[in-house]
Amino acid sequence: MGTQSTILLVIIAIFLIAIIVLMMVLIKFIKNDDIEHKVAPKSAKQATPKKETSIKDLISIASDSKKSKDDLAMVVSQFIEEFKFPQKQNGKAPQEAGIYLNLVLLICSHKNADAKIITVLNAGLKKKNPEYVVEIEEYESQGVENRKNRAR
């Protein structure tokens, strides 16, 4: 009976080792699956394209009198970085330029616009749109004047 019990012990040992190996593989598979689930939503978010901000979106924000200085600063930053005035035709601003100039007016006449916001707007737009320097100055002045008149 000695050989039979030895064979039985070897079979039991092999069986236990197989169970342990299967458990380790199963644990590793579960951990990898959890990691994939945690990473997948981030990847899905990154794959979704960011909605592009339109000039009308910026006008909507700037025309809201409840918006803060920080909101206006964000509008100015996006306006300067993402938009360029349309090219003048025969030295004249096309009709489409009006929407950009109206945004300048809205920002400068906003009750929460301060000198820093207006200066950044002015400098950034003039640098990016040198052919519109006169118009930018004009709309900025009108906006500042509107804000002063409202304060009185």
Checklist entry - Are Leu16 and Leu8 connected, step by step, through hydrophobic side chains (Ile, Leu, Val, Met, Phe, Trp, Tyr) whose heavy atoms are closer than 4.5 Å? => result yes

Item to check | Any donor-acceptor pair under 3.5 Å from Asp64 side chain to Lys66 backbone | outcome: yes

Checklist entry - Does some side-chain heavy atom of Glu52 sit less than 4.5 Å from a side-chain heavy atom of Asp57? => result no

Next on the checklist: Under 3.5 Å, is there a donor on one side chain and an acceptor on the other for Ser141 and Glu145?
Outcome noted: no

Item to check | side-chain contact (heavy atoms from CB on, under 4.5 Å) partner of Gln142, the single match among Leu105, Val104, Leu101 | outcome: Leu105

Checklist entry - So, do Val144 and Ser109 sit near enough that their side-chain heavy atoms are less than 4.5 Å apart? => result no

Item to check | Minimum side-chain heavy-atom gap Leu58-Leu106 below 4.5 Å | outcome: no

Item to check | Check: Ile118 main-chain N/O paired with Asn122 side-chain donor or acceptor under 3.5 Å | outcome: no

Next on the checklist: Donor-acceptor check, side chain of Asp71 to backbone of Ser68, threshold 3.5 angstrom: yes or no?
Outcome noted: yes

Checklist outcome for this item: Closest heavy-atom pair, Glu96 versus Ile99, reported as atoms and distance to 0.1 Å, is O-CG2, 3.2 Å

Checklist entry - Would you call Glu135 and Lys88 a side-chain contact if the rule is heavy atoms closer than 4.5 Å? => result yes

Checklist entry - Are Phe85 and Val134 joined in one hydrophobic group, where the rule is that I, L, V, M, F, W and Y side chains link up if heavy atoms are under 4.5 Å apart? => result no

Checklist entry - Would you find a donor on one side and an acceptor on the other, under 3.5 Å apart, between the side chain of Asp114 and the backbone of Ile117? => result yes

Item to check | Beyond-backbone contact of Glu138 with Val133, side-chain heavy atoms, under 4.5 angstrom | outcome: no

Next on the checklist: Check Lys128 with Glu82, please: is the shortest side-chain N to carboxylate O separation under 4.0 Å?
Outcome noted: no

Next on the checklist: Taking NZ in Lys69 as the centre, count heavy atoms belonging to other residues, nucleotides or ligands within less than 6.0 Å. Is the count above 12?
Outcome noted: no

Item to check | Student check: side-chain heavy atoms of Tyr132 and Tyr100 closer than 4.5 Å | outcome: no

Item to check | Side-chain donor or acceptor of Ser77 paired with backbone N/O of Ala73 under 3.5 Å | outcome: no

Next on the checklist: Using side-chain heavy atoms (C-beta onward) and a distance below 4.5 Å, is His110 in contact with Ile107?
Outcome noted: no

Checklist entry - How many angstroms lie between atom CD of Glu131 and atom CG of Asn129, to the nearest 0.5 angstrom? => result 7.5 Å

Checklist outcome for this item: Nearest heavy-atom approach of Cys108 to Arg147 is O-NH1, 2.8 Å

Checklist entry - So do the side chains of Phe83 and Leu103 get within less than 4.5 Å of each other, counting heavy atoms only? => result no

Item to check | Pair Val120-Ile80, side-chain contact (heavy atoms from CB on, under 4.5 Å): steps then yes or no | outcome: CA-CA 9 Å; Val120 169; Ile80 293 168; 4.2 Å; yes

